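What follows is a short report on a single structure.
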Amino acid sequence: MTGYGLALDATALLAYSSSERDVGHRIAEAADYGVHVLVPALCLVRAHQEATPGQWEMLEVLAALPHIRVTPVEPNMCSFLGGWSRRMAGHTDLAQLAMDAATHPLVPIMTDRRELLGEVLPKEWPIIDLRPAGVDKITSRIRSHRGG
């Protein structure tokens, strides 16, 4: 496998762990095409933070798949992550997603937070809008936890 064919944010990870078929289908499709799925560590952390006990196990299974690449936070990223997360309403998980995606040009991002990513990525960036039933509940849970 080479390259990345998809990047997932915390809401996409939570949707997957809630058995959302579209997310699972796109992950399987990436494997079929021989490309990796990019999962920033901070997005996985955020998903675990918000996960129910049943979702927790699915997140662990996903992270262990051979075509999933959990990307770390490196020390040289910290200043950018801080600056970008400030522009993205304090979402360091989305800042890492944007940074990782930007280093792998045009990798599609699956999220329901297009507007926030548009603060640092070009408006033309390929975004797969995540709008399954239940994502509104997941998103509101994440936003209420953050206080906004």
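What's counted below: heavy atoms across the whole structure, side chains too, no hydrogens, waters or symmetry copies. Bear in mind that the values here come from a model prediction, so they are computed numbers and not experimental data.
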Nearest 0.5 Å please: distance from the [atom1] atom of [X] over to the [atom2] atom of [Y].
X: S17; Y: E50; atom1: OG; atom2: CD; value: 11.0 Å
X: F80; Y: M99; atom1: CZ; atom2: CE; value: 6.0 Å
X: L94; Y: R46; atom1: CG; atom2: CZ; value: 9.0 Å
X: R114; Y: K123; atom1: CZ; atom2: NZ; value: 10.0 Å
X: L97; Y: L38; atom1: CG; atom2: CG; value: 7.0 Å
X: S19; Y: Q55; atom1: OG; atom2: CD; value: 9.0 Å

For V73, the side chain to side chain contact (heavy atoms under 4.5 Å, CB included) test, sequence neighbours excluded, returns L42, L81, Q96
For A101, all residues meeting side chain to side chain contact (heavy atoms under 4.5 Å, CB included), sequence neighbours excluded: V107, I109, W125
For E57, does the CD atom sit with more than 12 other heavy atoms under 6.0 Å from it, leaving out its own atoms? no
Partners of D100 by salt bridge (Lys or Arg N to Asp or Glu O under 4.0 Å), sequence neighbours excluded? none
Identify the heavy atoms of [X] and [Y] that sit nearest to each other, and give their distance.
X: W56; Y: A51; answer: N-CB, 3.9 Å
X: P108; Y: G5; answer: CD-O, 3.4 Å
X: P72; Y: A41; answer: CA-CB, 4.3 Å

Any donor and acceptor pair, going by atom type alone, linking the side chain of [X] with main-chain N or O of [Y] inside 3.5 Å?
X: H48; Y: L44; answer: yes
X: S85; Y: M88; answer: no
X: S18; Y: E20; answer: no

So if you build clusters from Ile, Leu, Val, Met, Phe, Trp, Tyr with side-chain heavy-atom gaps below 4.5 Å, do V70 and L65 land together? yes
Is any side-chain heavy atom of [X] less than 4.5 Å from a side-chain heavy atom of [Y]?
X: L13; Y: C43; answer: yes
X: L6; Y: V35; answer: no
X: D93; Y: V45; answer: no
X: V37; Y: R69; answer: no
X: L62; Y: I27; answer: yes

Could you go through T71 and M77, starting from their C-alpha distance and side-chain angles, then the distance that decides it, and tell me whether this counts as side-chain contact (heavy atoms from CB on, under 4.5 Å)? CA-CA 12 Å; T71 57; M77 297 168 69; over 6 Å; no
